[in-house]
Structures are given as structure tokens and as C-alpha cells.
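I have placed the structure first, in the form of C-alpha cells, so that the comments after it can refer back to it.
Throughout, a chain's letter reflects where its sequence line sits, starting with A, and its residues are numbered from 1. Values below: every heavy atom of this structure, side chains too, minus hydrogens, waters and symmetry copies.
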There are 2 protein chains.
Amino acid sequence: MASDLVYLNGKILPRSEALVPVEDRGFVFGDGVYEVLRVVQGRFFAADFHNERLKRSLAGIRIEIPANYAPEKLNEIAAELLRANSQLDGEATVYMQVTRGVATRAHAFPSPAVAPTVYISTAAFKPMTRLQEDGTLAVTHPDLRWARCDYKTINLLPNILASQYAAEQGATEAILIRDDEITEGAKTNVFGVLDGALRTHPCNSHILPGITRSVVETLASGLNVAIDHTPIKKSDIPKLQELFISGTTTDVMPVVALDGKPVGDGKPGPITRRLQKILNESIYSSAPLGD
Amino acid sequence: MASDLVYLNGKILPRSEALVPVEDRGFVFGDGVYEVLRVVQGRFFAADFHNERLKRSLAGIRIEIPANYAPEKLNEIAAELLRANSQLDGEATVYMQVTRGVATRAHAFPSPAVAPTVYISTAAFKPMTRLQEDGTLAVTHPDLRWARCDYKTINLLPNILASQYAAEQGATEAILIRDDEITEGAKTNVFGVLDGALRTHPCNSHILPGITRSVVETLASGLNVAIDHTPIKKSDIPKLQELFISGTTTDVMPVVALDGKPVGDGKPGPITRRLQKILNESIYSSAPLGD
């Protein structure tokens, strides 16, 4: 994808020419936040939620963004970029990153403040249809992350190490365990079905408030599926009837085996299937198909 | 300092021309490690310790570095850079950073592996003599960091937020508290004197194994000062007789007030002073002064 176009600090330019100074605080500190959005036929899915979360992440690490870079403006830039990359047809993803900017390396914020660095890229996207149909494999991994997982920052080393471990085990996702409880996945949120209720970790500083997580909860209550925010304990795992992961590019994906042991009867379960179906309807119906 | 020279991936070039691709994993993930070394008259202080720690950090996050970028080779490059920047006289610091390299953004490691990105910069350095003489102020802050603080990675957001908080309080350092115990500072290790013994957090995954920390411990045992690795509890703080922070650019710096309350009698204490003196001798005597 070396020839596609990206956006960097006011310019649309070839990816190969998109360069940042070594003193960008993203490069030396991971001092930034990001969002990934799903686009169907040029229409952004749940953009308001992503924009709100981006604002919350920026506020969380105290990056002040000028009005011309408000998340809604970044969406407009992203739309322009999708057009420039001929990705308004079919499916795509948008990656938006904001760092605190470029300054001589020192931990405390630059004073006076410098302009934030804004980077946006887009990619053609294909849903993981086969894994969504058949279900996938996951592994557990210790949750090594910091205490503010509710901010979507680019300090992603623990997620990387867990994802790499999963890949080496032939699994799609690492499900993270903190204090003997499932928090979420390295890149997704995690839901289980236990005694007929949908169980997922409560929204606190130990998980990212996932957009798809939130949509799934809304859809589940529409289906009269009970939601219980008691975290799934490690000791609950053998009793799980169903297990799935959710995310912007993952949708609802059944997990049919965890750490090599089948979940429930080892097939995608009925609640997972129902949620998967209505989530897909929600994603695709919000797009002006055939436009 | 826009006109000085830095090293990036095989080249020495002006800092203003040192640019990395937006897809560098340092920029999108904070996926890298670093070291800061102290240089006196062209001589690297405790280089072997820094090199060993860099190897340990690289192994910890599983970055494989080719032989031409072994830490010892990076020291040679740094020496060349110091020469190019006319920083072989007097004092300087060297910053060395290695990231996993450039690849299309995906959490798991690039496969096949890509060449790591190597960035080295140098700066003229002045010790903080006045703060070392008079002592300084510190504040406590919750330790929000991940579970592998023993790797010196560029995932530094929690350190940044704590450092910024300290700066806003007029303090030099934020002293981090995890589970009601002092772990270390946002940029330094922390030592206290309690009942005549030197107390500091044990080396485990909750602190960085500081080079100066290790040198100070060696020097302390030479002075027959007892060292106790029982962490200092929050409730111990009012009883502290002395408190100091240590680091590569901090040396031994007395903390005379914490959270606005005097430590001991509010002046640098005798054990701190003795350690400060012999650390300075150690740093400066290892340099071929007048060369």
C-alpha cells in the first residue's frame, strides 16, 4: 500500500512521503491517542460515538486540539481522503491519530504548547466473514496494561505483546486477565453467556469503552437478553455457554475455543448468532447502499 | 537546538531533517525502548550497565537487533555523533532509541521482521547543581503504569502525566505510589532513610532497575550504610529522616519537602550528602579530565 494517500498536518500526500520529526512526542513517548472508524459505502458507522470517545481520550491525556481539528472536522478530512483513495465504494476503515506535537524531549508538556500532530489514513476493508461464521480461537494472557485503559492511547506495548502471543498460538485474540477476571481483549471487548445472561466487564478504567460493545448492549436489551456487568472470573470460564469478542473491525465474532478448550459445545451459540445478525443489519442498513 | 546533528538509521544528519515514516511502530504504538547515558569529557559513565539494560529491554519486548546495532556499536556511533556536535569537551547526554521498525499498522509483530529504527541524539548537559545543593521539592502521584516497568520502553504516558502534575505543583519529581507503597519517581528511583537504614523498592517488575540506583547501593555498602529493600509505605512518609531521588541526569538529589511537608528537618540529610559526594567522585573520576 505504499502508493496510497494519507493526511498529515494539513496535507494529503503519498504514504511514502508522510514523515514526522524524530522529536514528535508520538515517536519518543507514545504521547497520543487514536480512533479507528468503520466506513460502509462512504458512510461512517457510529461516528458520533467515536468522536465523543476521541474527545474523551484527548481530555484524558490533556491534549488540547484546535477547532479546525475537532473530531467532526477530522471526519470531514477522512471523507476527503477516502475520496482521494477511491474508497467511497465498498468498505473501508479510517485511522485517526493525534499526538501532542513536536518539541525537545522532556517528559512534562511543552510550554508553551505546540501544535498537535494529526495523522489520518484509510484502508479498504473486508469483514472477517469466515471467522464470524465458523467462530475463532482465543487464548488468555495476563492483562499487563496501565490503570487508564479507558483512554484509547498509542501506548500499546502490552496489547502488542499479547496480540503477538495470540498470533503465535494460532489464535485471533488474546483475552486479558487482571486479578483473575476477564477485562477485555487486546484489541476487542469480550462478552460471555453464563446462565443465559450476557456478561461483560463494567465500563471503568480497566477497559476501553468499546463502541461496538455499546451497540451490542443496546441491541441485546432490544432482544430482552439480560446484561450483567459482573466480570467473568477465570473460574467461570469452564462454565461459559457462549463467548464472543466485539470491535469496530471484528464485529461480533464467536470464540469457539479458549486456550485450546471448547467453549460450550464448541460452536457459535444462539445469543451470539442473534447479536451478530442484528449488529450486521445495523452496520449495513445505516449505509446508503448502492449510492 | 534545530541545527544540531542526530543519527538515524545509518546516517548522521541535521535534526531538522531526521524524519521517520508515520508507519514507524514507534509513532503508532510506542513500540520501542531507549537509554539515556551520561558523558563527561567524552567518556560514557557506566556504559556497560546501560548496554546490558538496553539488551534486557530489547529482549523484554522481543525486538531483535542486528549485530551492527548491538548496544556497544550504538555507543561507538554516539561517540562519533558527540564529536560531530563538538560535545566531547565538558558534559553531555546521549539518547538512544530503538523501535521495531516500519510496517503496515497491525498489533502483532511484522512478519517477516523488518529492520528496527535506530535513533541517537546528544545534548550538552549541565548538572542541576543548585537543586543538588539545596534539595528540591517532590509530590506524590498514583503509579498508573503497566506491570513491566522494568523494561525501559517509550510507552511513557503515565510518566508524562505524573511529570506534568509535578511541574504544575512547582516540584522537580513525582514520586509514584502503587498499593500504598513508593515504587520510584516518574523519571528517577527513590531512596529514603528510616531508622538509619537506606530504604528503596526492591528490583522487580514495578520499578526500572536504575543504573544510578545500583551505583548508589554499591557506594552505600562501601560506607557501611545498611540497605533495606522493604518498600517505603505511604504511612512511613512522615517518619522519613531523609529522602532523595537518583538518576542518570539527576545524580543524587535531596528531596527536602514532599507534598508541601518538610522531610526530616527540611534540609538535605547526612547520608544523602555522603552518597552525593562519592557518586560525584565516581562520575567525574572515571572521565579522563583535561583530555
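More than 12 heavy atoms of other residues, nucleotides or ligands sit less than 6.0 Å from atom NZ of A:K55. In this structure, B:K73 places its NZ atom where only 12 or fewer heavy-atom neighbours from other residues, nucleotides or ligands lie under 6.0 Å away.
To the nearest 0.5 angstrom, B:N155 atom CG is 3.5 Å from A:N155 atom CG. Note: B:I154 CD1 to A:R25 CZ = 12.5 Å, rounded to the nearest 0.5 Å. Note: A:R62 CZ to B:L161 CG = 7.5 Å, rounded to the nearest 0.5 Å.
Shown here for B:S163 and A:H107, the closest heavy-atom pair between the two residues is OG-CB, 3.5 Å. For the pair A:L157 and B:T153, the tightest heavy-atom approach, listed with the atom from each and the gap, is CD1-CB, 3.5 Å. A pairwise comparison of heavy atoms in A:A108 and B:Q164 identifies CB-OE1, 3.4 Å as the closest pair.
With a 4.5 Å cut-off on non-hydrogen atoms, B:Y151 does not touch chain A at all. Using a 4.5 Å cut-off between heavy atoms, A:S205 does not touch chain B at all. In this structure, chain B has no heavy atom under 4.5 Å from any part of A:S111. Residue A:E168 touches chain B through its side chain alone, counting heavy-atom pairs closer than 4.5 Å. When heavy atoms are compared at a cutoff of 4.5 Å, B:A18 approaches chain A by way of both its backbone and its side chain.
Considering only heavy-atom pairs separated by less than 4.5 Å from chain B, the leading option among A:A167, A:A186, A:P158 is A:P158. Residue with the most contacts toward chain B among A:R100, A:K187, A:R105, A:R145: A:R105 (heavy-atom pairs, distance under 4.5 Å). Interface check for chain A: of the options B:E23, B:E17, B:R148, the most heavy-atom pairs under 4.5 Å are formed by B:E23.
With a 4.5 Å cut-off on side-chain heavy atoms, A:V20 and B:L19 do not count as touching. Inter-residue side-chain proximity for B:V28 and A:Y34 is flagged as unmet; no heavy-atom pair is nearer than 4.5 Å. Side chains of B:I160 and A:F109 form a contact here, defined as non-hydrogen atoms less than 4.5 Å apart.
Contacts between residues 175-182 of chain A and chain B, counted as heavy-atom pairs separated by less than 4.5 Å, involve no residue at all.
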Audit row: A:V22, B:L8, side-chain contact (heavy atoms from CB on, under 4.5 Å) steps and yes/no: CA-CA 9 Å; A:V22 287; B:L8 182 63; 4.1 Å; yes
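The backbone N or O of A:F27 lies less than 3.5 Å from no partner atom in the side chain of B:D24, so there is not a single donor-acceptor pair.
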